[in-house]
Amino acid sequence: MSVSLDMRVVQLLHSRVCHDLVGPVGAVNNGLELAGEGDGGLDSEAMDLVRTSAAQVAERIQYFRVAFGYAAGAIKTMRQVRDLLTPSVIGPKSTLVWPEEELAGDWPFGDQILKLLLLMTHLGGECLPRGGEVEIFIEPLGTELRLTVTASGTGARVEATVLAALLGEATIDELTPRSAQGYLLTRLAEYCGGTISVDYPQDEMVAIRATLTGFEQ
């Protein structure tokens, strides 16, 4: 199955990537400006700002390279998948919950389903305005594969515009840089032979689910 994206969606995704990178890049520049105002050296405060912000830039670029780009075979193990989902990706106030025993093996489901999982997890982090827990469940059931990402925390919710994009209720013209990722997630699920659903299994919890059929391990 082939899936094409409207040029507007591609442009919106580029805007989203630039938006997520401009903050830490600006912080690096601020740290260097602080150094320039002094004797040319970086004091501990400026050095911490530059070091932290540079790490955030590197982590987000690594995530976007795999989640949005063409990086076939770049990630081979489930631990590498987990390592892409740093606090700068899912949110500094959120923690990722992934059973340790699942991290030892190779990623068996192919690059496109990996992208799907990464996008779902990123979205899970964005559902937590005050932080919380993002938990991943991977359930192979015969020829069906279920991916579930739950986001638990105060005020957990999917923004209305993102939800509309996820459910196919938003037109291309109504998409924004923030909701375009939801649209991409749904189209990618279609490409992988499945669908996306969203529900609230309990108070302060959002569950984002992908149910895929006919996949190859």
Applying side chain to side chain contact (heavy atoms under 4.5 Å, CB included) to E126 and R178, what does each step give before you reach the verdict? CA-CA 10 Å; E126 293 196 328; R178 189 174 184 85; 4.0 Å; yes
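- Rounding to the nearest 0.5 Å places OH of Y200 at 12.5 Å from CE of M205.
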Side chain to side chain contact (heavy atoms under 4.5 Å, CB included) between V9 and I172: does it pass, once the steps are laid out? CA-CA 7 Å; V9 178; I172 296 295; 3.7 Å; yes
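- Taking the six-membered ring where tryptophan is involved, the planes of F109 and W107 are perpendicular, since the angle between them exceeds 60° and thus also 30°.
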List the steps and the verdict of side chain to side chain contact (heavy atoms under 4.5 Å, CB included) for L212 and E144. CA-CA 6 Å; L212 314 173; E144 185 175 275; over 6 Å; no
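- Here the CD-CD distance, from E169 to E174, works out to 10.5 Å after rounding to the nearest 0.5 Å.
- In this structure the side chain of D106 never reaches within 4.5 angstrom of the side chain of M78, judged on heavy atoms.
- Checked against side chain to side chain donor-acceptor pair (under 3.5 Å), E133 has no partners two or more places apart in sequence or in another chain.
- Proximity of L117 to I138: side-chain heavy atoms (C-beta onward) are separated by under 4.5 Å at one or more points.
- When every heavy atom of K115 is checked against every heavy atom of V66, the shortest pair comes out as NZ-O, 2.7 Å.
- In this structure, the side chains of K93 and L128 stay at 4.5 Å or more apart for every pair of heavy atoms.
- Using a 3.5 Å distance cut-off with no hydrogens or angles, the side chains of R187 and Y183 do pair a donor with an acceptor.
- Taken together through direct or relayed side-chain contacts under 4.5 Å among Ile, Leu, Val, Met, Phe, Trp and Tyr, F137 and V206 form parts of separate hydrophobic clusters.
- L147 places a side-chain heavy atom less than 4.5 Å from the side chain of M120.
- At least one donor-acceptor pair closer than 3.5 Å links the side chain of Q80 to the backbone N or O of K76.
- The side chain to side chain contact (heavy atoms under 4.5 Å, CB included) check on T86 picks up E59, S88, V89, with sequence neighbours excluded.
- Of the possible donor and acceptor atoms, one in the side chain of T213 sits under 3.5 Å from a partner among the backbone N and O of G193.
- When every heavy atom of C127 is checked against every heavy atom of I208, the shortest pair comes out as SG-CD1, 4.3 Å.
- Judged by distance alone, with hydrogens and angles left aside, the side-chain atoms of T186 form a donor-acceptor pair with the main-chain N or O of L166 at under 3.5 Å.
- Rounded to the nearest 0.5 Å, atoms CG (L84) and CZ (R65) are 9.0 Å apart.
- The side-chain heavy atoms of L184 and L119, taken from C-beta on, include a pair separated by under 4.5 Å.
- The structure places CZ of F68 at 4.0 Å from CD of Q181, a figure rounded to the nearest 0.5 Å.
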Side chain to side chain contact (heavy atoms under 4.5 Å, CB included) between L96 and T121: does it pass, once the steps are laid out? CA-CA 9 Å; L96 184 66; T121 308; 3.9 Å; yes
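- Here the CG-CG distance, from L118 to L123, works out to 12.5 Å after rounding to the nearest 0.5 Å.
- Judged purely by atom type and a 3.5 angstrom limit, R8 uses its side chain to pair as donor or acceptor with the backbone of L175.
- L85 is connected to I61 through a chain of hydrophobic side-chain contacts under 4.5 Å among Ile, Leu, Val, Met, Phe, Trp and Tyr, so both are in one cluster.
- Within the model, atoms CG of L116 and CD of E190 stand 11.0 Å from one another, a figure rounded to the nearest 0.5 Å.
- Panel note: side chain E204, backbone G155; a donor-acceptor pair is recorded below 3.5 Å.
- Counting heavy atoms from C-beta outward, R146 and L141 have side chains that approach closer than 4.5 Å.
- I75 is not listed as a side-chain neighbour of D83, based on a closest heavy-atom distance of 4.5 Å or more.
- With R209 as the partner, the side-chain contact (heavy atoms from CB on, under 4.5 Å) test is satisfied by one option alone out of V149, V198, T150, D199: D199.
- Salt bridge annotation for D20-R16: present, with a cationic side-chain nitrogen under 4.0 angstrom from a carboxylate oxygen.
- Counting heavy atoms from C-beta outward, R60 and P24 have side chains that approach closer than 4.5 Å.
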